[in-house]
Number of protein chains: 2
Amino acid sequence: MAKKRGEKYEAILNAATKVFAQYGYHQTQVTKIAKEAQVADGTIYLYFKSKEDILISLFDEKMGGLLAAAEEKVLEQQDVESKLRTLIFMQFSYLAQDPDLAMVIKFELRQLELRQLNEVTRNKINELLRRHLHLIDHIVKSGIDQGVFNPELDPFLARYMIFGTLDETVTSWLMKDRKFDLLSKVEPLLNLLLNGLKRAA
Amino acid sequence: MAKKRGEKYEAILNAATKVFAQYGYHQTQVTKIAKEAQVADGTIYLYFKSKEDILISLFDEKMGGLLAAAEEKVLEQQDVESKLRTLIFMQFSYLAQDPDLAMVIKFELRQLELRQLNEVTRNKINELLRRHLHLIDHIVKSGIDQGVFNPELDPFLARYMIFGTLDETVTSWLMKDRKFDLLSKVEPLLNLLLNGLKRAA
DNA sequence: TGAAAATGAATGAATGATCATTCATTTTTA
DNA sequence: TAAAAATGAATGATCATTCATTCATTTTCA
């Protein structure tokens, strides 16, 4: 739980995103974050309770923003194709703009989910993940309700396919030093996924 | 690079798999592994160079075995459906038998890929991942060559979908304390993926 | 109104906890 | 009995966090 807000709070959070992305959480020393944020080591503790608190605050704020925006946009689409396109597009464009965040989400969020240390952390992380999955599930349900998706589709498998495919695409983009244009994959991926989700030929 | 083999080597490696799965690599102390293996802390260093060496050896040996078997079986199938079914089946059954290994692969392998420290490690991890991806790519190519898959399919997107979907299914199984039967998902997932990969309706 | 006191933010070296690894010693083996 | 294997407390490195101190700003007082 962050202690205090302000200009340095933002500086520290942004610095942490960059340094966590570069070195990973476990190889990141607080002094690295402090240096990147141009504050003293001890200053970090005026704003955050601990190193882990920085990571949690980062997820809370930056993912919270992404999820809120995506929820709004997806829900206001009518047909399921637009919903799915919007989800993919927003996820990709947001992450393409902030590859450091993409990196941290990919490599640290799931770890934190599994290795949660206390109830507050647990609830925060679970809430973020739950919202993401609910959004996907909403799309799957819409697809079935609208008669577009295969009515015999197992919603869980659909979720795994959507989530997993997008996740792996972003991961590959990150691992290949972002050499391909993520946004150019929105439409082809949308088609590929829709193909699988629709009634069988 | 492991120093020495023997009974205690296996005991340590198996103990490490269990403890890494339970606590994660970073929250695992060497003393925990030693206790699980029923050896002294210092004995670990008679067999392995370092804590990280344990993890690398684990991947090398246990994933190496899985990949070798999968490569053999997939390659001996003729039609692309059987190839893909075999890949899914083997991956799921192997991991269902060794959930600890599944856990470590899911949560530590990709970290190691990104945070590789030296050339030997880099080559080992990259080799394992490369083989896995090559197997998937082989299936995709077969599908296209056999006229079953959409000829306009981007092989990379196909790879992301196959890899990502399977990976996410296993992850969800792990996170849900393995409450569902992974093997029962082989056929429905196969159909879902094939649906997406085939020519559009 | 200027000086002194109080306050809060920031600092960074010191501290203490942690833990991978070593190595002197003990035990086992052939 | 000598060599090899195993032991586990000690060691030293690492690093998150603390806290005595400094500094800048605001408030108070004469």
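Chain letters run A, B, ... following the sequence lines, proteins first and then strands; every chain starts at 1.
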Asker: Which is more 5' along DNA chain D, the nucleotide nearest B:Q38 or the one nearest A:T43? Just name the residue.
Answerer: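 Taking each residue's closest nucleotide, the earlier one in sequence belongs to B:Q38.
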
Asker: Mind calculating the distance between CD (A:Q27) and P (D:dT14) to the nearest angstrom?
Answerer: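 Spelled out: CD on A:Q27 to P on D:dT14 is 13 Å.
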
Asker: Between B:Y9 and B:Y47, how do the two ring planes meet: parallel, tilted or perpendicular, split at 30° and 60°?
Answerer: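 The arrangement is tilted - the two ring planes meet at 30° to 60°.
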
Asker: With the side chain of A:V39 defined as its heavy atoms from C-beta on, choose the nearest nucleotide among D:dC15, C:dT11, C:dC19.
Answerer: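 Out of D:dC15, C:dT11, C:dC19, the nucleotide with an atom closest to A:V39's side chain is C:dT11.
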
Asker: Could you state the OH-P distance from A:Y47 to D:dA16, rounded to the nearest angstrom?
Answerer: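 Spelled out: OH on A:Y47 to P on D:dA16 is 20 Å.
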
Asker: Does this structure show an ion pair linking B:K124 with B:E127, if we count only N-O contacts that are shorter than 4.0 Å?
Answerer: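 Judged by the 4.0 Å cut-off on N to carboxylate O distance, B:K124 and B:E127 do not form a salt bridge.
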
Asker: Please state whether the rings of A:F163 and A:H132 are parallel, tilted or perpendicular, taking 30° and 60° as the class boundaries.
Answerer: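 A:F163 and A:H132: tilted rings.
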
Asker: If I take atom NZ in residue A:K35 and atom P in nucleotide C:dT11, what distance separates them, rounded to the nearest angstrom?
Answerer: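 It is 15 Å, rounded to the nearest whole Å.
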
Asker: Would you indicate which nucleotide in C:dT21, D:dG8, D:dA16 comes nearest to any side-chain atom of B:Y45?
Answerer: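 Per side-chain heavy atoms of B:Y45, the pick is C:dT21.
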
Asker: What is the distance, rounded to the nearest whole Å, between atom CZ of A:F48 and atom P of D:dT18?
Answerer: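 The distance from CZ of A:F48 to P of D:dT18 comes to 15 Å, rounded to the nearest Å.
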
Asker: Contact class for A:K4 (heavy atom, under 4.0 Å): base, sugar-phosphate, or nothing?
Answerer: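 Result for A:K4 = sugar-phosphate.
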
Asker: Between C:dA24 atom C1' and B:D41 atom CG, what is the distance in whole Å?
Answerer: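 Rounded to whole Å, this separation is 16 Å.
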
Asker: Figure out the CD1/C1' separation between B:I44 and D:dA9, and round it to whole Å.
Answerer: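 B:I44 atom CD1 is separated from D:dA9 atom C1' by 16 Å.
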
Asker: Send over the distance from A:H26 NE2 to C:dA20 P, rounded to a whole Å.
Answerer: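 It works out to 13 Å between those atoms.
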
Asker: Closest to the A:S50 side chain: C:dT11, D:dA16, D:dT17?
Answerer: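 The answer is D:dT17.
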
Asker: Check B:R85 with B:E187, please: is the shortest side-chain N to carboxylate O separation under 4.0 Å?
Answerer: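 Salt bridge: yes.
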
Asker: For B:L46 and D:dT7, give me the distance from atom CG to atom C1', rounded to whole Å.
Answerer: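 For the pair B:L46 CG and D:dT7 C1', the rounded distance is 9 Å.
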
